[in-house]
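Every number for a ligand or one of its atoms is a count from 1 in the order of the listing. On a predicted model such as this, the values are computed, not experimentally measured, just so you know.
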Amino acid sequence: MSRPAVFLDRDGTIVEERGYIDRLDLLDVFPWTSDALRLLRRAGFAIVVITNQSAIGRGIIDEAFLDAVHRELDARLAPSGAKIDAYYFCPHFVDSRIDRYRMVCRCRKPGSELVERACRDLDLDPARSFMVGDRWIDVACGGGAGVRSILVRTGHGAHEADVPPDGVRPDAILDNLLAAVGWILRTREAGAPARG
Ligand SMILES: [Mg+2]
Ligand SMILES: [Zn+2]
C-alpha cells in the first residue's frame, strides 16, 4: 500500500534561508527541525525534500556539491534520530551556459513534477500527503500535485505570508515546521484533500 509523505522545501523551511548555499558553513538547521522530522517518521510519513537549485544551472555550485550539502544535513540530523528519505532537486536555469541545465522545465517549483516523480519512485500516496514550504511557489507546487499545503512563516514566509498571490491558497499558514507537523498530525485523519 502507498505510504503518505511530507514533502519539504529546504531553504527557509528546514534550514535558515541564506540565499545560494555554496559553502557548508552556510547550512544552519532550525533548532526544531530534528524534533519535527522525528515526529513525522514516528507517525509513518516518508520525508522527501523538494528543492529548486538553479544555483547548479547558474554555475554557482555543481551537483556533487549539492550532494555534499545534503550529506552534511543528514549528518547533522542523524544524532537525534531524524532522517530525510530522499532529496529531489531542480538544477535548471533558463539562461544557463551549461547545455543540459538550460531549459524551461516542469520540475522547477511551482511546477509539480518533482513531487509527482517522488510519488512514482517511492510509491507515495498524494491524497494522504502534505507539502510544507516558506514560499507561495511551494504551496502552488503542492496544490498542483494534489497534496495539502502549508505555508510557514520562517525564511521568506516571514513576509510572503502577508501577500498571497491570486489563485494560490494554502490549507494552513503556521509559524514554523514544528507547528506545521503538529497541524499535519491533527489533520491527517481528516481524509481526502480539502480542495477539489
Ligand atoms: Mg524556501
Ligand atoms: Zn527543473
Side-chain angles (χ1 to χ4, degrees), residues 5-22 26-33 36-37 47-63 65-67 69-70 72-73 76-77 84 86-121 130-145 147-165 168 170-181 184:
V6 175
F7 300 100
L8 298 173
D9 170 56
R10 193 190 77 181
D11 298 354
T13 301
I14 61 181
V15 303
E16 292 276 5
E17 169 60 54
R18 288 283 157 74
Y20 299 118
I21 292 185
D22 58 356
L26 291 176
L27 194 64
D28 200 352
V29 183
F30 286 126
W32 51 80
T33 294
L37 299 192
I47 298 169
V48 179
V49 167
I50 303 288
T51 181
N52 281 354
Q53 291 295 328
S54 72
I56 294 172
R58 292 170 194 270
I60 296 168
I61 62 171
D62 60 18
E63 294 197 33
F65 182 79
L66 183 68
D67 191 58
V69 170
H70 293 163
E72 173 70 15
L73 181 54
R76 301 228 196 135
L77 294 172
I84 290 164
Y87 293 86
Y88 283 77
F89 63 92
C90 165
H92 303 116
F93 175 54
V94 289
D95 293 322
S96 182
R97 280 179 288 182
I98 306 164
D99 287 348
R100 68 184 181 282
Y101 299 135
R102 185 173 53 244
M103 69 172 82
V104 178
C105 65
R106 292 184 54 246
C107 58
R108 181 173 174 77
K109 294 179 288 187
S112 301
E113 190 173 287
L114 293 180
V115 170
E116 291 160 6
R117 199 183 298 166
C119 286
R120 285 195 303 273
D121 291 349
F130 299 83
M131 163 68 92
V132 183
D134 69 317
R135 301 192 64 186
W136 293 105
I137 58 170
D138 300 308
V139 173
C141 166
V147 309
R148 283 167 282 184
S149 299
I150 300 164
L151 187 78
V152 286
R153 292 182 180 275
T154 48
H156 291 291
H159 50 89
E160 284 209 9
D162 298 324
V163 283
V168 180
D171 291 277
I173 300 178
L174 295 160
D175 281 349
N176 61 36
L177 177 59
L178 190 57
V181 168
I184 288 168

Check whether any side-chain heavy atom of M131 lies under 4.5 Å from a side-chain heavy atom of V139, and answer yes or no.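 In short, these two side chains do not touch, never coming nearer than 4.5 Å.
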At their closest point, which heavy atom of A180 faces which heavy atom of V152, and how far apart are they? CB-CG1, 4.1 Å
Return the set of residues passing salt bridge (Lys or Arg N to Asp or Glu O under 4.0 Å) with E113 (not counting sequence neighbours), or none when no residue passes. R106, R117
Salt bridge R120-E116, side-chain N to carboxylate O under 4.0 Å: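 No, R120 and E116 are not salt-bridged.
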Distance-only side-chain donor-acceptor flag, E63 / Y101, under 3.5 Å: yes
Is it true that the side chains of Y88 and D121 contain a donor and an acceptor less than 3.5 Å apart?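 Indeed, the side chains of Y88 and D121 share at least one donor-acceptor pair under 3.5 Å.
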What protein N, O or S atoms come within a distance below 2.8 Å of the Zn ion (ligand 2), ordered by chain and number? C90 SG, H92 ND1, C105 SG, C107 SG
Does anything in residues 5-15 form a salt bridge (charged side-chain N to carboxylate O under 4.0 Å, His left out)? List the pairs, not counting sequence neighbours.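 Checked against salt bridge (charged side-chain N to carboxylate O under 4.0 Å, His left out) - neighbours excluded - the pairs reaching residues 5-15 are D9-K109.
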With under 30° as parallel and over 60° as perpendicular, where do the rings of W32 and F30 fit, or are they tilted in between?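 Ring orientation of W32 relative to F30: parallel.
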Polar protein atoms near the Mg ion (ligand 1) [N, O or S; cut-off under 2.8 Å]: D9 OD2, D11 O, D134 OD1
Stepwise, does the side chain to side chain contact (heavy atoms under 4.5 Å, CB included) test hold for I60 with Y20? CA-CA 8 Å; I60 296 168; Y20 299 118; 3.5 Å; yes
